Amino acid sequence: MTAASPPADGKPPVIETDVLIAGGGPCGLMLANELGRRGIRCVVVDAKPSTAFNPQANATQARTMEHFRRLGFAHEIRALGLPADHPTDIAYFTRFAGHELARIGLPTAAEAIVQIRSMTGSWSAAELPHRVSQKFVEEALRRHAQAWPSTDVRYGWRLERFGDDGASVSATVRPGEGGPAQEVVAKFLIGADGARSFVRQQLGIEWGGVTGIQREFMGGKMFAIYLRAPQFLSVLRHPKAWMYVAVNHERRAFMASVDGMAEYAFHAALRPGEDADGWTEADARRVFAQAVGVDVPMEILSMGTWLAGHALVAQRFQKGRVFIAGDAAHLFTPTGGLGYNTAVEDAVNLGWKLASVIRGQAPLALLDSYEAERRPLAQRNTAYARKFADSVGLFVAKPELEEPSERGDAERQLAAQYFNEHARLEFNIPGVTFGGRYDGSPIIVGDGAPLPPDAPNVYTPTASPGGRPPHAWLDDGRSLFDLFHVEWTLLALGPNPPSTEAFESAAQALRIDLRVVRLPQPSLRELYAAPLVLIRPDQIVAWRGGDAADAVNVLSRVTGITQSLTPCSDSTAPSESRRTNYQGDPA
Ligand SMILES: Cc1cc2nc3c(=O)[nH]c(=O)nc-3n(C[C@H](O)[C@H](O)[C@H](O)COP(=O)(O)OP(=O)(O)OC[C@H]3O[C@@H](n4cnc5c(N)ncnc54)[C@H](O)[C@@H]3O)c2cc1C
């Protein structure tokens, strides 16, 4: 519950809260969940009347699903969107009703739950990705956020002013439907207010990176239609998919199934000289028919334009008590499906840190690690998205691709090979989703172990501090991740782990909520390459070691109480092998 101070001069009472969140998209709502579950007071304001009407993002990556699992509602999210038995294939066609060129088959939602239990290597995980429109995820995130007594979620309210006096942030929020403005005083303000972030602009934070990248496809203006076409599947000459991509010389397009039945999110690239801002419904029908190859009746639910070709990361993620997160802090071309997922992980990273500081368990300095950890991650992920966009978008479709001739067959064969390779590059990305690391963070106690290379399509589990803990299924069928505490976890692994007492008493002295989880299986001790492993509330390895002698130092360091730690072996620089260096990387 937020506290309201008494009315003065007939104005509505000032709302006093811990965190004011501007923006109720996936980032703001996820942050409200992270804070709400910890009993931290927050107010979320979003200028829109409700959660997104348009489908927006289509893919929830596996790491995001693991976070939803941690919060207890992954199963609910997996039931949203497509029916459980609907394919989630990505298929490439000349036109949707034309020649099929390439396809990557991926499990249905029902299969994903079964298959993940026996998957190993790169896909040893608690969750597989899920294909679901962001609009459905937002509804679920909102429902869960609102259920916490300490959260106050308000759609139809815009943040219109704020000021940071060093001790708190004061702000004015105004209801869109009229009525008096409301003053809010918060300990912190988070700008999760999207690509045109008012908060970022007010702070004077500039973008870094690149924008305006031009490509045949996924570089330049795009025309989007959210549509209903119940007869679409009847014109397909090939098995149905989840994502349909049209590759022909006339117009490139992609279309994701929203409900597995009649609704689709269609996006077409504009040709040079076209100005879609003035396009009518007749234009929308013409462009849709071009991509399908035949006329299919359709109802337009909404339409508009957007710009592909960004790989932007804000120069700063924080100024004083104000932070930016999600699209406000980084802007992607949506190849690889990384924008919303990166936004969710920003919220996960910020959530436990804000809670620790607000509860008085950690100093303000802990919050500096948010930018130190998330900005390099945003640079990494925008670079990956850019690489995927180059791969799919720089392919030039010749007119012969659709020719009923030997020359046409040869062109289609070339395109088939190209897109079969591309699909596996963009849509099988365990390395991107699980391999993000916080090496160099001031609150990670690195151990200098050699790290596997950062590669998009391969994830090599490592318990080296700074990354996702390796996953394992336990003999009793539970996921190791389900044993992690909601706050800090100390794993004591193997048949004879060292005493954990020093950690337990240090945690008590520092008021850190730590749970010791003992797992005698030698295989886990081997997987983590250490008998003691400290896992953060956001399921990141913070430290690992052979004894608990340094417990006070370690816990002080990982909660930001101390900024350096001498007794521990600590290599905070990322190893050479981990550095990604794509051409033009905004880093
Ligand atoms: C066609 C397309 C496909 C995409 N596909 C994917 C995908 O498959 N996977 C993926 O990960 N990402 C994808 N994305 C990107 C994804 O949609 C965004 O990255 C995601 O919405 C970012 O979430 P957010 O919460 O940071 O911002 P937003 O979702 O933009 O939310 C910001 C909110 O802030 C509110 N707001 C703005 N200003 C104010 C203010 N002053 N006061 C109060 N509220 C305010 C807005 O109303 C908005 O609701 C796609 C994007 C597009 C365009």
Side-chain angles (χ1 to χ4, degrees), residues 20-32 43-61 63-64 81 90 129-135 137-138 141-142 153-162 171-176 184 189-202 218 221-226 242-243 253-256 258 265-269 304-310 312 324-347 378 381-382 384-385 388 426-427 429 432-433:
L20 174 61
I21 302 170
C27 183
L29 289 172
M30 188 67 173
L31 182 57
V43 176
V44 181
V45 289
D46 194 298
K48 294 199 308 303
S50 189
T51 50
F53 170 76
N54 289 319
Q56 295 201 220
N58 310 289
T60 298
Q61 300 299 349
R63 182 65 171 155
T64 305
I90 295 98
H130 181 53
R131 311 294 168 190
V132 57
S133 295
Q134 180 179 328
K135 66 179 287 173
V137 177
E138 285 190 16
L141 288 176
R142 177 185 182 175
V153 181
R154 299 178 179 212
Y155 284 84
W157 286 77
R158 174 179 294 279
L159 172 75
E160 63 175 34
R161 177 207 70 84
F162 64 88
T172 308
V173 297
R174 187 178 293 279
V184 182
L189 167 66
I190 315 303
D193 51 346
R196 299 195 177 105
S197 173
F198 167 73
V199 175
R200 189 192 64 246
Q201 290 178 37
Q202 290 298 299
M218 288 295 195
K221 203 104 171 260
M222 301 283 290
F223 182 66
I225 318 171
Y226 178 24
W242 154 68
M243 176 78 83
F254 73 96
M255 184 170 86
V258 172
F266 172 84
H267 302 270
T305 59
W306 58 279
L307 203 58
H310 303 299
L312 292 173
I324 53 172
D327 274 16
H330 36 69
L331 261 188
F332 288 69
T333 294
T335 34
L338 300 178
Y340 132 72
N341 291 279
T342 307
V344 166
E345 286 205 65
D346 290 346
N381 288 1
T382 48
Y384 273 134
F388 301 147
E426 185 186 342
F427 291 99
I429 51 172
V432 176
T433 192

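No hydrogens, no waters, no symmetry mates; every other heavy atom, side chains included, goes into these values. As the structure lists them, so they are numbered: ligands from 1, and atoms in each ligand from 1. Note that the coordinates shown come from a computational prediction; the quantities given were computed from them, not determined experimentally.
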(message) Checking a contact table here: which protein heavy atom is nearest atom 8 (O) of ligand 1, and how many Å away?
(response) Asn58 N, 2.9 Å

(request) Flag Ala47 as yes when one of its N or O atoms lies below 3.5 Å from any N or O atom of ligand 1, and as no otherwise. (result) yes

(message) Only heavy atoms of Leu338, strictly under 4.0 Å: list the atoms of ligand 1 that pass.
(response) 9 (N), 10 (C), 11 (O)

(message) Counting non-hydrogen protein atoms only, what is the nearest one to atom 25 (O) of ligand 1? Give residue, atom name and distance.
(response) Cys27 N, 2.9 Å

(request) Output the list of atoms in ligand 1 that are nearer than 4.0 Å to some heavy atom of Trp157, sorted by atom number. (result) 43 (C)

(message) Can you confirm if the NZ or CZ of Lys135 lies within 45° of the ring axis of Phe53 and under 6.0 Å from the centre of its six-membered ring?
(response) yes

(message) When you compare ligand 1 with Gly337, is there at least one nitrogen or oxygen pair between them that comes in under 3.5 angstrom?
(response) yes

(request) Just need the protein heavy atom nearest to atom 39 (C) of ligand 1, so name the residue and atom and give the distance. (result) Asp193 CB, 3.8 Å

(message) If you take the nearest heavy atom of each of Gln134, Lys135, Met30, which one is closest to atom 16 (C) of ligand 1?
(response) Gln134

(message) Is it the case that ligand 1 has an N or O less than 3.5 angstrom from some N or O of Gly326?
(response) no

(request) Would you mind telling me if ligand 1 is within reach of the side chain of Ala192, the backbone, both or neither, using heavy atoms under 4.0 Å? (result) backbone

(request) Distance to 0.1 Å, residue and atom name: give those for the protein heavy atom nearest to atom 41 (N) of ligand 1. (result) Leu159 O, 3.2 Å

(message) Under a 4.0 angstrom heavy-atom cut-off, which atoms of ligand 1 come close to Asn341?
(response) 9 (N), 10 (C), 11 (O)

(message) As a check for students: among Leu307, Val137, Asp46, identify the option with a heavy atom nearest to atom 35 (C) of ligand 1.
(response) Asp46

(message) Counting only heavy atoms, tell me which of Ser50, Pro26, Ala57 gets closest to atom 13 (C) of ligand 1.
(response) Ala57

(request) Please examine the side chains of Gln202 and Phe162, heavy atoms only from C-beta on, and report whether any two atoms are closer than 4.5 Å. (result) yes

(message) I need the nearest protein heavy-atom contact for atom 12 (N) of ligand 1: residue, atom name and distance, please.
(response) Tyr340 N, 3.0 Å

(message) Quick check on contacts: which atoms of ligand 1 are under 4.0 angstrom from a heavy atom of His267?
(response) 1 (C)

(message) For atom 3 (C) of ligand 1, what's the nearest protein heavy-atom neighbour? Residue, atom name and distance, please.
(response) Pro334 CB, 3.7 Å

(request) Quick one: look at Val199 and ligand 1, take heavy-atom pairs under 4.0 Å, and tell me if it's side chain, backbone, both or neither. (result) neither

(request) Say whether, by atom type as modelled, one donor and one acceptor occur between the side chain of Glu138 and the main chain of Thr51 under 3.5 angstrom. (result) no

(request) Determine whether any heavy atom of Phe332 lies closer than 4.0 Å to an atom of ligand 1. (result) no

(message) I'd like to know if the side chain of Gln201 and the backbone of Arg196 have a donor-acceptor N/O pair within less than 3.5 Å.
(response) yes

(request) Do me a favour and list the nearest non-hydrogen protein atom to atom 19 (O) of ligand 1 with residue, atom name and distance? (result) Asp327 OD1, 2.7 Å

(message) For the backbone of Gly337 and the side chain of Glu426, can you confirm whether one donor and one acceptor N or O come within less than 3.5 Å of each other?
(response) no

(message) Can you name the atoms of ligand 1, numbered from 1 with element, that are less than 4.0 Å from a heavy atom of Gly339?
(response) 10 (C), 11 (O), 12 (N), 19 (O)

(message) Among residues at least two apart in sequence or on other chains, which ones pass side-chain hydrogen bond (donor to acceptor under 3.5 Å, both in side chains) with Thr64?
(response) Asn341

(request) Considering the heavy atoms of Ala59, write down every atom of ligand 1 situated less than 4.0 Å from one of them. (result) 7 (C), 8 (O), 9 (N)

(message) Counting non-hydrogen protein atoms only, what is the nearest one to atom 30 (O) of ligand 1? Give residue, atom name and distance.
(response) Gly194 CA, 3.6 Å

